[in-house]
Amino acid sequence: MVLHMSSLFLRTLREDPADAEVPSHKLLVRAGYIRRVSPGVYTWLPLGLRVLRNVERIVREEMDAIGSQELLFPALLPREPFDASGRWSEYGPNIFRLQDRKGADHLLGPTHEEMFTLTVKDLYSSYKDLPLSIYQIQTKYRDEARPRAGLLRGREFVMKDSYSFDIDEAGLDKSYQAHRDAYVRIFDRLGFHYVIVEAMAGAMGGSKSEEFLATAEVGEDTYVHCTSCGYAANVEAVRVPAPDPVGWEGVPAAHAEDTPDTPTIETLVNHLNEHYPRDDRPWAAGDTLKNVVVMLVHPDGTREPLAIGVPGDREVDEKRLGAQVEPATVEAFDEKDFAVHPGLVKGYIGPGALGLEGTTGIRFLLDPRVAAGTRWVTGANEPGKHVIDLVAGRDFEGDGTIEAAEVRFGDPCPNCDHVLEGARGIEMGHVFQLGKKYAEALDLRVLDQNGKLTTVVMGSYGVGVSRAVACVVEGNYDDAGIIWPRELSPADVHIVAAGKDEALFSAADEIARDLEAQGLTCIVDDRRGVSPGVKFKDSELIGVPTIVVVGRGLADGKVEIKDRRSGERREVALEGIVEAVLAEVRAS
RNA sequence: CGGGGCAUGGCGCAGUUUGGUAGCGCGUCCGCUUUGGGAGCGGAAGGUCGCAGGUUCAAAUCCUGUUGCCCCGACCA
């Protein structure tokens, strides 16, 4: 179909919209692809809808290619399935809830694990029906605390979600790999730089999970990668290599010393260097053991204090901690909490008071770096006193380890002897071995070869479809505007009639018809009385990869082909334009 | 939920300090000229200045309250 600019429902903006911050948001609004309706909710204008449909098409093709079957669940869901999984209450304020005229609770689906699981349970009952892979491309609703960055984090967004159902773990591995391969093809076709990183598998543990992150400055996720061995992980999922245990022969017995007015690591290190200098080198923050106490809030509302021991030169990373304790959430340990636990001396908390066996009985988890044999300076549980030469494994033990300390670029790679570099990314896809979590919660079981009921093993896989539109722009723009990868472009060719001579317009239309006959879609800028400069600017802003200019050369039987990305232009004889454009389109 | 900022024609903004007939650029409409890099001239339409109270002869401007939006953080299957 040929789109005529003279009648296309489009208005480009010369200036950036005031409420947009990130490039994709500014450009998609300026170029007339989307309009904001309310925070995190957007209208897709004709050009934008074409791009969205293109993303959907690519996703659909690759999902179909691995034998996944498309279906469509409603966005409007009754409460019951979410009661069954416990998420009606777990989700808290993050879902849109509503009632029907009878007062029955409903919600707008934020995700559809329950529906997929229950529908399979409804229809299938035998191992012979498995494996199964089903997917949908559907609008999701989440009442985000803070929508931002245009399409990158919305309250209404389009997502492809799919689920695999297998009889055993081996089947799950195959389904997972098939999805992973399909995702590689999808993201290659979408045309942006991405990395595949290890991700948190969630509270179930042991399951495999990877994220596809589009590399972008504006990304909300931080990941690290090793330049040598290829290891890459979301910082939430980084495993700190634990040093080998060392012996403590010759280490003096732990001794408490006066360290007045040293409630912080910095004041402590200064005091140590002044009053208890080391022979080999000055004391450093990394020699101290910092014991941080937080309050966990479990989904049932119970509160549990938790102490975390990390080297004093590192902060506790709240995201990493949160990922570790999921589904519980973390709150600060406040003055009231300290009052309840007089055994905790603020600023001087030491292992002696901690641990299930300690005086306070507070669970105490250690950073992996606090391995057996390591020596520490730490609080003596008395104001103004610290313990020196406290040896892990000899003088204290934790109730386990936890990955909660911050990850820094330059930290050692857990896989090889190189160091980790880091960058930001946007989560575009997630493949996840769910295991039996939902199948157990919702009782999805089938009969196996022996006639016994066995719980189905599930995988969960998502692609942010509308987010991908913004994400592609983040990776494909210049000062003049958007530069669409060919597969996503709202049209194959943008034809500009530059001039006022009527012959230009009829030639432009003729070219469009000929290209259309070859299966290409065209935008024709046939606006009369609009100066060439305006048309050039608009064509660059809109970002169709191939631009054909029908202008002053037409008198000599020449038109111009311009490559949006390189800016390269060349003159082509009018009669050869269709072949030239086809070659251009096929080449990229 | 904490911190910061902003609400004035379709879009981007000035005007608020020091109260006195609501302005500029872009866009839109009409006419003439112009047509290879966001044209020129002339004319026109379009705003109860987020909302509600208050002070005042007089409020976009001062006071009180309230709502919405954007950014940073918390949060984010």
Side-chain angles (χ1 to χ4, degrees), chain A residues 11-22 25-26 29-30 32 35-41 82 85 87 90-95 109-116 140-150 152-155 157 159 161 163 199-204 209 211 218 220-221 236 318-319 321-323 326-327 329-332 426-427 429-432 434 437-438 460-464 467 480-481 496-502 504-505 525 527-541 547 549-555 558-560 562 567 569 571:
Chain A
R11 180 109 307 148
T12 58
L13 304 177
R14 191 177 292 208
E15 292 168 283
D16 285 333
D19 59 0
E21 194 73 12
V22 301
H25 188 193
K26 290 179 183 173
V29 173
R30 268 191 69 201
R35 298 294 291 182
R36 194 190 73 93
V37 172
S38 72
V41 180
F82 286 77
S85 66
R87 295 209 290 188
E90 257 180 48
Y91 248 107
N94 292 325
I95 48 178
T111 174
H112 284 74
E113 279 87 357
E114 287 83 355
M115 298 308 296
F116 274 95
K140 308 289 190 191
Y141 296 87
R142 292 182 195 172
D143 195 358
E144 293 283 349
R146 188 157 89 82
R148 78 187 83 177
L152 286 176
R153 175 164 297 279
R155 295 194 297 173
F157 57 96
M159 177 169 160
D161 52 335
Y163 292 84
M200 280 304 294
M204 303 313 286
S209 172
E211 286 170 345
V218 299
E220 297 180 304
D221 288 277
E236 288 175 18
E318 290 180 34
K319 271 195 179 177
L321 174 58
E326 197 187 334
T329 56
V330 178
E331 286 185 8
I426 303 166
E427 183 181 347
H430 196 165
V431 289
F432 186 8
L434 263 186
K437 178 175 177 179
Y438 286 94
S460 153
Y461 318 90
V463 172
R467 176 181 283 183
V496 173
K500 64 174 178 179
D501 192 338
E502 204 47 43
L504 299 172
F505 292 89
D525 197 339
R527 290 175 293 178
R528 317 285 160 135
V530 173
S531 71
V534 171
K535 293 181 179 178
F536 293 146
K537 291 285 185 195
D538 275 346
S539 70
E540 283 153 7
L541 181 59
I547 299 166
V549 180
V550 183
R552 60 191 173 198
L554 187 69
K558 300 267 170 78
V559 293
E560 194 173 283
K562 186 161 73 171
R569 323 181 201 183
E571 286 215 310

Taking 4.0 Å as the cut-off, does a side-chain nitrogen or oxygen of [X] come that near to OP1 or OP2 on [N]?
X: A/Arg36; N: B/C70; result: yes
X: A/Arg146; N: B/C72; result: yes
X: A/Arg148; N: B/C70; result: no

Would you say the base of [N] and the side-chain of [X] have a donor-acceptor pair closer than 3.5 Å?
X: A/Lys562; N: B/G37; result: yes
X: A/Glu540; N: B/G37; result: yes
X: A/Arg30; N: B/G38; result: yes

With C1' as the reference atom in both, quote the distance from B/G9 to B/C29 in angstrom, rounded to an integer.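 Each nucleotide's C1' atom is 15 Å from the other's.
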
Whole-Å C1' distance, B/C49 and B/G2: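 Looking at atom C1' only, B/C49 and B/G2 are 31 Å apart.
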
Whether A/Arg30 side chain and A/Leu13 backbone form a donor-acceptor pair below 3.5 Å: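 The answer is yes, because a donor-acceptor pair under 3.5 Å joins these two groups.
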
Just checking [X]: base, sugar-phosphate only, or nothing, at a heavy-atom cut-off of under 4.0 Å?
X: A/Glu114; value: nothing
X: A/Ala480; value: nothing
X: A/Asp16; value: sugar-phosphate
X: A/Val496; value: nothing

Please tabulate the protein-to-nucleotide N/O contacts below 3.5 Å involving nucleotides 29-34 of chain B, giving atom names and distances.
none

Nucleotide nearest A/Arg569 when distance is taken to its side chain, options B/C26, B/G37, B/G12: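 Within the option list, the nearest is B/G37.
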
B/C26 P sits how many Å from A/Asp538 CG, rounded?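 The answer, rounded to whole Å, is 16 Å.
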
Between B/U35 atom P and A/Leu554 atom CG, what is the distance in whole Å?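 Atom CG in A/Leu554 sits about 17 Å away from atom P in B/U35.
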
Could you tabulate the donor-acceptor pairs under 3.5 Å formed by side-chain atoms of residues 528-538 of chain A, not counting sequence neighbours?
from	atom 1	to	atom 2	distance (Å)
A/Arg528	NE	A/Asp526	O	3.4
A/Arg528	NH1	A/Glu502	OE1	2.8
A/Arg528	NH1	A/Glu502	OE2	2.5
A/Lys535	NZ	A/Ala497	O	2.8
A/Lys535	NZ	A/Arg527	O	2.8
A/Asp538	OD1	A/Thr12	OG1	2.9
A/Asp538	OD2	A/Arg527	NH1	3.4
A/Asp538	OD2	A/Arg527	NH2	3.0

Taking for each residue the nucleotide of RNA chain B with the nearest heavy atom, is it A/Arg153 or A/Phe536 whose nucleotide lies nearer the 5' end?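 Looking at RNA chain B, the more 5' nearest nucleotide goes with A/Phe536.
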
Can you work out whether A/Arg11 or A/Gly533 has the more 5'-proximal nearest nucleotide on RNA chain B?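 Final value for this comparison: A/Arg11.
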
